[in-house]
Structures are given as structure tokens and as C-alpha cells.
Colleague: 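Mind having a look at this structure? Questions to follow.
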Amino acid sequence: LFVWDCDATQYFRGLRDGNNTFGYLIPKNLENSLAVRGIENAFPEGCFHGFVKEIKNSNGEIKRQFDDIKKREFAEKVSSSEDISDFAQFDGLIEKIREIQTSKTPMQ
């Protein structure tokens, strides 16, 4: 099972399951404006406390976004989360795994 981030649609498009090889594209979380790409996009914005940077544009507008240099720390935080709602965007992946497990074609 190969799993792609939401921003890998160009790689995922056109691929078909076969030869005991399966693909899954994590859907884009439109409610997350802090991390618009990567695996981080799959998590709710509430998970990002302490992982956000602010960028001030030349017109004075401030944009808030996930601080990419904290990827490892963020991964450690979410991997220890016991709040199942943090992982709601992964429901489709769990269904894909179940589909593969219950497939009538034996895995080789």
C-alpha cells in the first residue's frame, strides 16, 4: 500500500490497483489553512499550536502558516496524541486497508 499526501495528485492520477499493489491519496483538508500541503494538511488546525509562523507581507498583511522547520516536532506531537478526532482525515485510509484485507484475491 502506497500512501500519498494530498498534494501528490499528479503522481496518483492514472494509477490503478493491481499485482497486490495498492495506492491511496489522502484527501485535501479544506478546513486547514495553516498547512495546505503535505501530510500535515490532514490534521485539524487545533493541532498546530506552537507550530505556526507569521509572515508579514510588504502591504502589512500577516499570513499564518505551518512552520516547516518544525516537521519532526509536529510528527512527534501528533504521534503521541490520544485524541482520535485528530485523525479523522485518515478514515478513508483505514477503509482502504480494510478493503485490502477483506479482498477475495489472496495477497501474495
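What you see is a predicted model; the values in this text were computed from it and never measured.
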Colleague: Do you know which of V36, I55, V52, L34 makes side chain to side chain contact (heavy atoms under 4.5 Å, CB included) with Q65?
Modeller: I55
Colleague: More than 12 foreign heavy atoms under 6.0 Å from CG of N19: is that the case here?
Modeller: no
Colleague: Taking all non-hydrogen atoms of both residues, which atom of F2 and which atom of T21 are closest, and how far apart?
Modeller: CE1-CG2, 3.6 Å
Colleague: So which atom in F90 and which in A42 form the shortest heavy-atom distance, rounded to 0.1 Å?
Modeller: CZ-CB, 3.6 Å
Colleague: Are L1 and I97 packed together at the side-chain level, in the sense that at least one heavy-atom pair is separated by less than 4.5 angstrom?
Modeller: yes
Colleague: Side chains of N41 and K28: does their closest heavy-atom pair fall under 4.5 Å?
Modeller: yes
Colleague: Looking at V3 and L93, what are the two nearest heavy atoms and their distance?
Modeller: CG2-CD1, 3.8 Å
Colleague: A quick test of your reading: do over 12 heavy atoms of other residues, nucleotides or ligands sit less than 6.0 Å from NZ of K53?
Modeller: yes
Colleague: Any chance you could measure Y24, atom OH, to E95, atom CD, to the nearest 0.5 Å?
Modeller: 9.0 Å
Colleague: In chain order, what residues pass the ring-ring contact (aromatic ring centres under 6.0 Å, His included) check against F87, with sequence neighbours excluded?
Modeller: F43
Colleague: Passes side chain to side chain contact (heavy atoms under 4.5 Å, CB included), I39 versus I26? Steps please.
Modeller: CA-CA 8 Å; I39 190 72; I26 297 171; 3.2 Å; yes
Colleague: Using 0.5 Å steps for rounding, measure from the CG atom of D17 to the NZ atom of K96.
Modeller: 3.5 Å
Colleague: Any side-chain heavy-atom pair from S33 and E45 closer than 4.5 angstrom?
Modeller: yes
Colleague: Establish, from distance only, whether the side-chain atoms of D83 and S81 form a donor-acceptor pair under 3.5 Å.
Modeller: no
Colleague: Please test F51 against K77 for side chain to side chain contact (heavy atoms under 4.5 Å, CB included), starting from the C-alpha separation and ending with a verdict.
Modeller: CA-CA 10 Å; F51 299 96; K77 176 192 174 189; 3.5 Å; yes
Colleague: For A35 and F66, work out which heavy atoms get closest and say how close.
Modeller: CB-CB, 3.9 Å
Colleague: Could you tell me which non-hydrogen atom of E40 sits nearest to which non-hydrogen atom of K71, and how far apart they are?
Modeller: OE2-NZ, 2.9 Å
Colleague: How close do G60 and K56 get, counting heavy atoms only, and between which atoms?
Modeller: CA-CE, 3.9 Å
